[in-house]
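Scroll down for the structure; my scribbles are underneath it.
Quantities reported herein were computed from a predicted structural model and do not represent experimental measurements.
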Amino acid sequence: MSGHKSFAVAGAGTFGAYVVKELLKAKAEGTVNDVVVLTRVGSKVDFEGARVIAVDYNDKESIKAALSGVDVVISAISAFVLNVQSTIAAAAKEAGVKLFVPSEFAGDAESARGGFYAAKGDLRASLRAIGPPLALFYTGVWSDFVWNQFLQLDILSGKITVGGDGNYPISWTSRTDSARFIVHILTRLPRERLENSIFRCEADRKSYNEVVRLYEDKTGKKVEVEYIPASVLTERVNENPEDVVSYIQLSVVNMGLGGKPDNDLFPDWKPAPAIDGVPLA
């Protein structure tokens with residue numbers, strides 16, 4: 001056991017809500033004593049069994065007060081406002097928080113270069129300088145999230161767009177299974193094993209083309225796939241560094257977990273395969 005009993009989650013939206021739910025399960029089992037959810041002022045969030053505290057993410061003192069007595073802060077802040085993590089980390093340090101989990105997840109941003117991930121690298125270096133110690137988690141692509149219109153992967157429309165030729169292997173994990181893995185690691189491993197460490201999990205490894213074929217076999221529906229060469233995506237990103245969709249498409253081609261999955265640290269994990277996360281209707 002890590003000895004960490006009090007957890008705070010900053011951001012309870014796309015992924016944070018899943019982490020909160022798993023922490024509340026751990027609380028019901030007696031592994032966790034306290035779950036705090038930090039939200040923006042005006043947000044309407046309710047988790048039975050958690051303490052929901054509205055904070056100003058630009059005000060260190062506001063965050064510091066909310067983190068009193070917290071052992072671990074898990075940031076699930078949106079990718080579009082990652083810089084507020086510096087304020088959260090500074091507040092956490094002063095509040096006596098022992099471990100900080102930044103909003104990384106997805107692929108191995110440690111080895112990525114350029115654009116959005118270069119900014120994440122600079123932020124990560126800043127967080128390490130601020131303290132508390134970091135624990136990084138790379139979960140692969142969220143299999144139950146990416147099939148949406150914004151990422152040009154709306155599979156229910158019958159047409160998707162992917163970078164490259166679609167044959168490169170991708171690490172997939174659903175948000176539920178990602179949250180289960182993260183909470184297990186944070187509550188079960190010794191503190192010294194958690195600090196300044198990287199953990200990777202992978203539920204499934206399949207290419208876009210393989211997942212599409214599984215979808216077609218399962219539903220009997222054909223999917224039109226448009227392939228954009230990595231060279232074209234690179235040109236788009238170089239011309240417009242704020243082209244988030246092209247950068248994500250390119251990063252999926254070039255960026256994996258960055259190492260062997262640590263699934264063996266959670267023998268009873270048994271995550272769902274990638275196809276289970278694809279919407280059928």
Would you give me the side-chain donor-acceptor pairs under 3.5 Å for residues 268-281, sequence neighbours excluded?
{"unit_1": "Trp269", "atom_1": "NE1", "unit_2": "Asp177", "atom_2": "O", "d": "3.0"}

Side-chain donor-acceptor pairs of residues 62-71 under 3.5 Å, sequence neighbours excluded:
{"unit_1": "Ser62", "atom_1": "OG", "unit_2": "Asp56", "atom_2": "N", "d": "3.1"}
{"unit_1": "Lys64", "atom_1": "NZ", "unit_2": "Glu94", "atom_2": "OE1", "d": "3.4"}
{"unit_1": "Asp71", "atom_1": "OD1", "unit_2": "Lys98", "atom_2": "NZ", "d": "3.0"}
{"unit_1": "Asp71", "atom_1": "OD2", "unit_2": "Lys5", "atom_2": "N", "d": "2.8"}
{"unit_1": "Asp71", "atom_1": "OD2", "unit_2": "Ser6", "atom_2": "N", "d": "3.1"}

Extract all donor-acceptor atom pairs below 3.5 Å that involve side chains of residues 146-158 and protein atoms in other chains or at least two apart in sequence.
{"unit_1": "Trp147", "atom_1": "NE1", "unit_2": "Ser143", "atom_2": "O", "d": "3.1"}
{"unit_1": "Asn148", "atom_1": "OD1", "unit_2": "Phe150", "atom_2": "N", "d": "3.2"}
{"unit_1": "Asn148", "atom_1": "OD1", "unit_2": "Leu151", "atom_2": "N", "d": "2.9"}
{"unit_1": "Asn148", "atom_1": "ND2", "unit_2": "Phe145", "atom_2": "O", "d": "2.8"}
{"unit_1": "Gln152", "atom_1": "OE1", "unit_2": "Gln249", "atom_2": "NE2", "d": "3.2"}
{"unit_1": "Ser157", "atom_1": "OG", "unit_2": "Asp154", "atom_2": "O", "d": "2.6"}
{"unit_1": "Ser157", "atom_1": "OG", "unit_2": "Lys159", "atom_2": "N", "d": "3.4"}
{"unit_1": "Ser157", "atom_1": "OG", "unit_2": "Lys159", "atom_2": "O", "d": "3.2"}

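Counting only residues at least two apart or on different chains, the ring pair (Phe, Tyr, Trp, His ring centres under 6.0 Å) pairs with a member in residues 205-245 are Trp172-Tyr208. For residues 35-48, there are no side chain to side chain donor-acceptor pair (under 3.5 Å) pairs, not counting sequence neighbours.
Lys27 meets the salt bridge (charged side-chain N to carboxylate O under 4.0 Å, His left out) test with no other residue; sequence neighbours excluded. By the salt bridge (charged side-chain N to carboxylate O under 4.0 Å, His left out) test, Arg193 is found to be paired with no residue, residues two or more places apart in sequence or in another chain being considered. Residues that satisfy the salt bridge (charged side-chain N to carboxylate O under 4.0 Å, His left out) test with Lys93, not counting sequence neighbours, are absent from this structure. Looking at residues two or more places apart in sequence or on another chain, you find a ring-ring contact (aromatic ring centres under 6.0 Å, His included) between Phe15 and Phe105, Trp142. Residues that satisfy the salt bridge (charged side-chain N to carboxylate O under 4.0 Å, His left out) test with Lys222, not counting sequence neighbours, are Glu216. For Arg175, the side chain to side chain donor-acceptor pair (under 3.5 Å) partners are Tyr18, Asp144, not counting sequence neighbours. Shown here are the ring-ring contact (aromatic ring centres under 6.0 Å, His included) partners of Phe137, two or more places apart in sequence or in another chain: Phe199.
Looking only at distances, no side-chain donor or acceptor of Asp262 sits under 3.5 Å from a matching main-chain atom of Cys201.
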